[in-house]
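Heads up, the thing below is written out as structure tokens.
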Amino acid sequence: MSLPALSVGFTPLVDAAPVIVAREMGFARAEGVAITLHRAPSWSASRDMLAFGAVDAAHMLSAVPVATALGLGGAGAPIHALSVLSVNGNVIGVSRALASRMRGQGFGFDFRDARAAGAALLDAAGPGLRIGVPFPFSMHAELIRYWFAALPVAPEAGVEIRTVPPPLMAEAIGAGEIDAFCVGEPWGSIAVETGPGELLLPGCAIWDAAPEKVLAMRSDEAEPARFAPLMRALWRAGRWLAQPGSRTAAAELLARPEYLDMPAEVVDRALSGRMTVSARGDARRVEGLVAFDPDRAGFPWGDQAAWIGRRLARRAGQDLESAERAAREVFRSDLYRRMLAGTGAAMPSAESRETAPGLQRGRFFDSRVFDTSRAE
């Protein structure tokens with residue numbers, strides 16, 4: 001008997017794990033749906049595949065549905081987020097030449113102190129620091145902007161943020177096109193493996209609860225209920241990925257040629273949080289480098305969308321209150337509650353992460369606690 005089918009786009013990153021695991025470990029079939037996966041070379045390609053109907057759903061940057069709701073980026077169709085697939089998962093790296101200058105000035109690369117790392121980076125780089133991020137509307141870009149804005153001394157000539165697809169980040173830093181990057185794993189580790197880069201900081205050192213990727217669908221979807229089996233499968237995949245005993249098998253699945261196409265050992269670094277930060281083999285341990293557990297990810301909080309929306313709107317010169325309302329509407333907590341009813345998934349009583357009882361709201365490196373109204 002054939003199952004209903006859904007096509008899902010993904011970009012080759014460790015945080016595509018839920019959609020890959022849902023297919024490969026049989027969670028999708030157990031929920032009564034057959035999924036086919038389509039790899040996209042960049043986030044613009046992934047967005048367009050979804051917007052123009054080449055796929056039914058996609059593993060997507062959390063900021064993209066918000067940006068499309070605000071009319072930014074030229075997307076073909078509005079996009080909604082059904083669930084949050086992952087929290088955190090990014091790393092910040094620098095060229096080996098820049099790392100050498102930072103060491104020469106006494107910086108120790110402890111891989112945890114965002115304030116000290118930012119100050120050392122700006123001091124060593126001087127004016128005109130060029131940082132690569134995978135997409136203009138992304139948590140990568142927001143983390144970088146928040147980081148530098150919160151430092152006591154802003155760079156004299158500003159920071160130039162350039163767009164580089166994740167698989168090309170190591171090549172770009174090796175060619176001297178950028179001085180630093182913020183990218184999802186394993187592409188930061190690839191810059192270390194191939195030689196041109198060193199890792200400076202995990203993204204979670206800037207914000208410890210950043211909603212990184214979402215499951216996205218087109219907002220004009222006529223039958224959103226058909227995604228219920230997929231959402232249940234992804235919820236099960238997230239729980240499986242959160243189990244320490246699953247890590248080795250997950251790394252081997254993700255490393256396959258049709259997915260990330262790289263050694264499983266490199267993938268395992270992100271899943272375990274045991275990072276190699278330089279070509280000399282220097283290692284650092286990071287708790288919470290990336291999280292898939294539905295108790296940490298999963299629920300699409302409207303106030304997190306609002307935080308992204310207010311930041312995008314401020315830079316675009318849009319009305320902040322209107323942008324916040326539009327942003328909240330694209331993180332579909334209503335569908336999440338409906339589709340996952342009866343699974344045992346955590347269903348918060350509040351609609352706002354800021355008011356949910358007993359829930360940690362997330363903290364930034366400058367000691368601020370997550371607050372939509374302070375999306376600066």
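Side chains are part of it too, since the values below use all heavy atoms of this structure and drop only hydrogens, waters and symmetry mates. Note that this is a predicted model, so its numbers are computed, not measured.
Using a 4.5 Å cut-off on side-chain heavy atoms (C-beta onward), W207 and E142 make no contact. In this structure, the side chains of V64 and F135 come closer than 4.5 Å at one or more pairs of heavy atoms. F111 is not listed as a side-chain neighbour of I92, based on a closest heavy-atom distance of 4.5 Å or more. You'll find the side chain of V214 stays beyond 4.5 Å of the side chain of S83, heavy atoms only. Using a 4.5 Å heavy-atom threshold, the side chains of Y146 and R368 count as touching. The shortest side-chain heavy-atom distance between R96 and I173 does not fall under the 4.5 Å cut-off. With a 4.5 Å cut-off on side-chain heavy atoms, R145 and R315 count as touching. Side-chain contact check for L241 versus P18: some heavy-atom pair is nearer than 4.5 Å.
Of the charged side-chain nitrogens involved, at least one lies within less than 4.0 Å of a carboxylate oxygen, so that D268 and R247 count as a salt-bridged pair. By the 4.0 Å N-to-carboxylate-O rule, E324 lies close enough to R328 to be salt-bridged with it. D56 has a carboxylate O that lies under 4.0 Å from a charged side-chain N of R226, or vice versa, which qualifies the two as a salt bridge. Remark: R103 engages E198 in a salt bridge, criterion side-chain N to carboxylate O under 4.0 Å.
For the atom pair F107 CZ and D123 CG, the distance stands at 11.5 Å (nearest 0.5 Å). With values rounded to the nearest 0.5 angstrom, H38 atom NE2 is found 13.0 Å from T11 atom OG1. Atom CE in M25 sits 7.0 Å away from atom OG in S246 (nearest 0.5 Å). M49 CE to S44 OG: the interatomic distance, rounded to the nearest 0.5 Å, is 11.0 Å. Taking CZ of R284 as the reference point, atom CG of D110 lies at 7.5 Å (rounded to 0.5 Å). Taking CG of L230 as the start and CG of L215 as the end, the distance is 5.5 Å to the nearest 0.5 Å.
Proximity of a side-chain donor or acceptor of S46 to a complementary backbone N or O of S42 within less than 3.5 Å is not detected. The backbone N or O of A34 sits nowhere less than 3.5 Å from a side-chain atom of R23 that would complete a donor-acceptor pair. Judged by distance alone, with hydrogens and angles left aside, the side-chain atoms of R314 form no donor-acceptor pair with the main-chain N or O of G309 at under 3.5 Å. The main-chain N or O of A225 is never found under 3.5 Å from a side-chain atom of E223 such that the two would form a donor-acceptor pair. Judged by distance alone, with hydrogens and angles left aside, the side-chain atoms of T68 form a donor-acceptor pair with the main-chain N or O of P65 at under 3.5 Å. Distance alone, capped at 3.5 Å, is enough to place a donor-acceptor pair between the T372 side chain and the D303 backbone. R218 places a side-chain N or O within donor-acceptor distance of the main-chain N or O of L50, the cut-off being under 3.5 Å.
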Would M262 and W187 count as a side chain to side chain contact (heavy atoms under 4.5 Å, CB included) if you check the C-alpha gap in whole Å, the side-chain angles of each, and the deciding distance to 0.1 Å?
CA-CA 10 Å; M262 64 183 56; W187 299 109; 3.5 Å; yes
Can you check side chain to side chain contact (heavy atoms under 4.5 Å, CB included) on F331 and L82, steps first, answer last?
CA-CA 6 Å; F331 270 39; L82 294 170; over 6 Å; no
D15 vs L85, side chain to side chain contact (heavy atoms under 4.5 Å, CB included): CA-CA, chis, key distance, verdict:
CA-CA 8 Å; D15 58 30; L85 296 176; over 6 Å; no
Pair R130, E160 - check salt bridge (Lys or Arg N to Asp or Glu O under 4.0 Å), show working.
CA-CA 5 Å; R130 302 163 301 167; E160 181 185 355; 5.7 Å; no
Any chance you could lay out the salt bridge (Lys or Arg N to Asp or Glu O under 4.0 Å) test for R115 and D113, step after step, and finish with the verdict?
CA-CA 6 Å; R115 189 178 300 277; D113 187 340; 5.8 Å; no
Evaluate N90 against E185 for side chain to side chain donor-acceptor pair (under 3.5 Å), listing each step before the verdict.
CA-CA 6 Å; N90 298 320; E185 276 292 279; over 6 Å; no
Test side chain to side chain contact (heavy atoms under 4.5 Å, CB included) on D179 and I131 and set out the steps.
CA-CA 6 Å; D179 307 299; I131 298 186; over 6 Å; no
As a quick check of understanding, evaluate salt bridge (Lys or Arg N to Asp or Glu O under 4.0 Å) for E265 and R274, giving each step before the final call.
CA-CA 11 Å; E265 188 275 333; R274 293 194 292 267; over 6 Å; no
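Applying the salt bridge (charged side-chain N to carboxylate O under 4.0 Å, His left out) rule to R232 yields the partners E31; only residues at least two apart in sequence or on another chain are considered. Applying the ring-ring contact (aromatic ring centres under 6.0 Å, His included) test to F137 and every residue at least two apart in sequence or in another chain returns nothing.
The two residues F292 and V14 have their closest heavy-atom pair at CZ-O, 3.7 Å. Between L271 and A250, the shortest heavy-atom contact is CD1-CB, 4.0 Å. Nearest heavy atom pair, residue R39 against residue P257, reads NH1-O, 3.4 Å. Shortest non-hydrogen contact noted between V286 and C204 is CG1-SG, 3.8 Å. Summarising the geometry of L289 relative to P202, their closest heavy-atom pair is CD1-CB, 3.7 Å, with the distance given to 0.1 Å. Taking each heavy atom of M102 and A124 in turn, the nearest pair found is CG-CB, 3.5 Å.
In the hydrophobic cluster analysis, where Ile, Leu, Val, Met, Phe, Trp and Tyr join through side-chain heavy atoms closer than 4.5 angstrom, L320 is grouped apart from L70. When hydrophobic clusters are built by joining Ile, Leu, Val, Met, Phe, Trp and Tyr residues whose side-chain heavy atoms come closer than 4.5 Å, directly or via intermediates, L335 is grouped together with M347.
By the 30° and 60° cut-offs, the orientation of the rings of F370 relative to W307 is tilted.
Under the 6.0 Å cut-off for aromatic ring centres, W43 and H59 qualify, their centroids lying closer than that.
Of the options E212, Q304, M139, a side-chain contact (heavy atoms from CB on, under 4.5 Å) to S62 is made by M139 and by none of the others.
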